[in-house]
Amino acid sequence: MSIGHFIDGKRVGGTSERRADVFDPATGRRTAEVELASTADVDVAVQAAARAARAWRDASLARRSAVLFAFRELVHARRDRLAEVITAEHGKVLADAAGEVQRGLEVIEYACGLPSALRGAFSENVSTEVDSYTIRQPLGVVAVISPFNFPVMVPLWFVPVAVACGNAVVLKPSEKDPSAALLLAEWFAEAGLPDGVLNVVNGDKQAVDALLEHPEVRAVSFVGSTPIARYVYQRGTAAGKRVQALGGAKNHMVVLPDADLDLAADAAVNAGFGSAGERCMAISVLVAVQPVADALVERIAQRVRSLRTGDGRRGCDMGPLVTAAHEAKVRAYVDAGVAAGAVPVVDGRDVTPDGDPDGFWLGPTLFDRVTPDMSIYTDEIFGPVLSVVRVGSYDEAVELVNASPYGNGTAIFTNDGGAARRYQHEVEVGMVGINVPIPVPMAYHSFGGWKSSLFGDLHAHGEDGVRFFTRGKVVTSRWLDPRHGGVNLGFPTQT
Ligand code: NAD
């Protein structure tokens, strides 16, 4: 099967000869090949979007909302189908894929009510018989570039908001799991979105570069690893575009001595190994403030040993990694951790999966006595590897978290409200959980990290999303009557 693009309301093939393989990670089998768009293919999509944007910006708020409501109904009714597609190409277990769809639906629902967020402000009589008001208008064509790990949720962080604000979109999903984005585009069309308002081009760096350089593209929302996010931000802004580029993460969960250790252990396992650790909000470092480490590690190990790794369609807890190359990379990190002297309390390299032996398997791995100089601590592994770092005090814990170049998410587990409040104030991270291990904000708040986890000023969805996909205009108006006549070259002031 060959997977192409969705341009101007229909599935199309491109001109490029280049292709990438798409796999079912639980069987290791190649299930399709995806076209990798050429610069000319991207241009066709952007031109379609530019044509559509001219009419869509003038569509009434009521009409735009009606399309979003209809789209919400379609996605909701077909959420199981979407989850199956995610599992078939990404590998995450079905229940987790269904959770991803649910979080995406929440952004669509937020976008259904966007007319209220687009309301401007009005000041009557800023000067005698002069009124002033602000309006927010769409940008035109915007690009969304998404990563493999949330093939539905991440596109839905941006696309519904961009469209509801009156923009036309070119979405470039990850070439590793391209099918879900095409379904979303088809369903949006079925919901009444005019042709060309949402286009999907599949591709790799060449397609990304073409979007970053295209003069009709006004803004770029990117999500992916930190080096590519930095590159996209620098190149996109140099080309004069508005860019928000969300990058990688290394999220710490601090456990204070007064915490409920069973709750903390449950949370660490859920957040460390859900989606095989392939989440930007996964907990990859557990900071145990002494004397809790021994008791906590024992509780976590007990739980990790009971996790069932296998095919996501068989009711297992944890699925495979996304590709053979990624599995090899994560495996190499586990080797490096052992070589550096960390203690592999549970070693995922020995896993016996409930699935095809050719799948990209690596079991959950728990390391104790990890130190900040080890590569398993410094690098974003993006796999089922949880590292426990032992520290002597709360201050040492905060210092460790704040020394990280990343600042996406963090959590603190404690029963001490004062300590939790101090942490939320002192920690240099964009999203903080207090006894909540994966603090992904709801759609009406904004999602985004600090430091090397986000380049740009505005976060995804919520108020920031609306600001990102619109630009403000201020109108000052006076309805003339003869009394207003006369020449005056002075600077206008209120009278
Ligand atoms: P990636 O950086 O490899 O790819 C992301 C996107 O960039 C894809 O569409 C890909 O085709 C494109 N791309 C890849 N190489 C490129 C290049 N050299 N030039 C231009 N574009 C290129 O990321 P991934 O492996 O797909 O996703 C995992 C990463 O995404 C992790 O680092 C994870 O933390 C991060 N992520 C971050 C968030 C967040 O909100 N901060 C959310 C999800 C994922």
Side-chain angles (χ1 to χ4, degrees), residues 18 20 22 25 34-37 39 42 89-92 100 103-104 107 143-158 170-178 180-181 200-213 220-236 243-251 274-284 321-323 325-327 329-330 379-383 404-410 429-431 438-441 446-456 458-461 464-465:
R18 297 185 313 121
V22 178
V34 60
E35 291 191 31
L36 300 176
T39 304
V42 170
E89 291 184 355
H90 176 285
K92 65 178 72 174
E100 162 173 1
R103 295 312 302 257
V107 187
V144 175
I145 300 160
S146 57
F148 82 84
N149 67 315
F150 283 112
V152 167
M153 184 184 79
V154 168
L156 291 179
W157 278 352
F158 305 103
V170 178
L171 165 64
K172 198 220 71 74
S174 168
E175 62 275 39
K176 296 191 179 97
D177 43 14
V200 178
V201 282
N202 278 305
D204 57 2
K205 176 174 168 50
Q206 192 171 325
V208 173
D209 287 347
L211 288 167
L212 292 174
E213 290 299 329
V220 177
S221 296
F222 171 91
V223 181
S225 55
T226 288
I228 312 289
R230 187 181 282 116
Y231 164 78
V232 165
Y233 183 77
Q234 287 171 351
R235 187 154 177 186
V243 182
Q244 53 180 186
L246 285 70
K250 194 81 188 175
N251 303 315
S275 199
E278 293 169 326
R279 288 180 184 147
C280 63
M281 290 294 274
I283 293 294
S284 48
L321 289 165
V322 68
T323 57
H326 191 54
E327 183 216 324
K329 180 179 157 195
V330 178
D379 297 3
E380 182 185 39
I381 300 174
F382 222 56
S404 169
Y406 299 104
N408 212 41
T410 187
V429 172
M431 293 170 283
I438 309 182
V440 175
S446 297
F447 181 108
W450 286 13
K451 303 197 279 189
S452 294
S453 295
L454 191 146
F455 302 92
L458 294 168
H459 294 190
H461 59 68
D464 274 16

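We count ligands from 1, going down the list as the structure has it; atoms in each ligand are counted the same way. This is a predicted model, so every value here is computed, not measured.
- Formation of a donor-acceptor pair under 3.5 Å by the S453 side chain with backbone atoms of G247 is not found in this model.
- In this structure, the side chains of E278 and F382 come closer than 4.5 Å at one or more pairs of heavy atoms.
- Under a 3.5 Å cut-off, the side chain of K250 and the backbone N or O of D379 do form a donor-acceptor pair.
- W450 CH2 to N408 CG: the interatomic distance, rounded to the nearest 0.5 Å, is 12.5 Å.
- Residue contacts with ligand 1: G247 is included, with a non-hydrogen atom under 4.0 Å away.
- Residue contact check: G248 has heavy atoms under 4.0 Å from atoms 32 (O), 34 (O) of ligand 1.
- Not a single protein heavy atom sits closer than 4.0 Å to atom 14 (C) of ligand 1.
- Remark: ligand 1 atoms within the under-4.0 Å shell around heavy atoms of L246 are 39 (C), 40 (O), 41 (N).
- Atoms of ligand 1 found under 4.0 Å from any heavy atom of S225, numbered from 1 in the order shown, are 1 (P), 2 (O), 23 (O), 29 (C), 30 (O), 32 (O).
- Close contacts between ligand 1 and E380 involve ligand atoms 31 (C), 32 (O), 33 (C), 34 (O) [criterion: under 4.0 Å to a heavy atom].
- Using a 30° and 60° split on the angle between ring planes, H90 and F148 fall in the parallel class, below 30°.
- In this structure, CD1 on I283 lies 7.5 Å from CD1 on I438, to the nearest 0.5 angstrom.
- Below 3.5 Å of separation, one finds no N or O of F382 facing any N or O of ligand 1.
- Protein heavy atom closest to atom 19 (N) of ligand 1, with residue, atom name and distance, is K205 CG, 3.4 Å.
- Comparing V232, I228, V322, D177 by heavy-atom distance to atom 22 (C) of ligand 1, the nearest is I228.
- The closest approach between Y406 and ligand 1 stays at or above 4.0 Å for every heavy atom of the residue.
- With hydrogens left out, the protein atom closest to atom 27 (O) of ligand 1 is P147 CB, 3.3 Å, a heavy atom.
- The two residues A229 and A245 make their nearest non-hydrogen contact at O-CB, 3.4 Å.
- With rounding to the nearest 0.5 angstrom, the CG atom of L36 is 8.5 Å from the CD atom of Q206.
- For atom 4 (O) of ligand 1, the nearest non-hydrogen atom of the protein is G224 CA, 4.6 Å.
- With hydrogens and angles disregarded, no donor-acceptor distance shorter than 3.5 Å links the side chain of S146 to the backbone of V154.
- Formation of a donor-acceptor pair under 3.5 Å by the Q244 side chain with backbone atoms of S221 is not found in this model.
- When only interatomic distances are considered, the shortest N/O to N/O separation between K172 and ligand 1 falls below 3.5 Å.
- Not a single N or O atom of Y231, backbone or side chain, sits closer than 3.5 Å to an N or O atom of ligand 1.
- Within a 4.0 Å radius of atom 40 (O) of ligand 1, the protein contributes one or more non-hydrogen atoms.
- In terms of protein heavy atoms, atom 7 (O) of ligand 1 is closest to F222 CE1, 3.3 Å.
- Residue W157 approaches ligand 1 through these ligand atoms, each under 4.0 Å from one of its heavy atoms: 40 (O).
- Per-residue contacts place N149 under 4.0 angstrom from the following atoms of ligand 1 (heavy atoms of the residue considered): 43 (C), 44 (C).
- The closest donor-acceptor contact from the side chain of N251 to the backbone of S284 lies at 3.5 Å or more, if one exists at all.
- Of all heavy-atom pairs spanning K172 and V201, the tightest one is CG-O, 3.0 Å.
- In this structure, atom 8 (C) of ligand 1 lies nearest to the protein heavy atom S146 O, 3.3 Å.
- Nearest residue to atom 5 (C) of ligand 1 from T323, V223, L36, I145 is V223 (criterion: closest heavy atom).
- Here the heavy atom of the protein found nearest to atom 42 (C) of ligand 1 is C280 SG, 3.0 Å.
- Scanning both residues, S452 and T226, for their nearest heavy atoms gives O-OG1, 2.8 Å.
- Every atom of ligand 1 with a heavy atom of E175 under 4.0 Å away is listed here by number and element: 10 (C), 11 (O).
- The two atoms that bring L246 and L454 nearest to each other are CG-CD1, 3.6 Å, heavy atoms only.
- Counting atoms of ligand 1 from 1 in the listed order, those under 4.0 Å from a heavy atom of V208 are 20 (C), 21 (N).
- Of all protein heavy atoms, the one lying nearest to atom 26 (O) of ligand 1 is F148 N, 3.0 Å.
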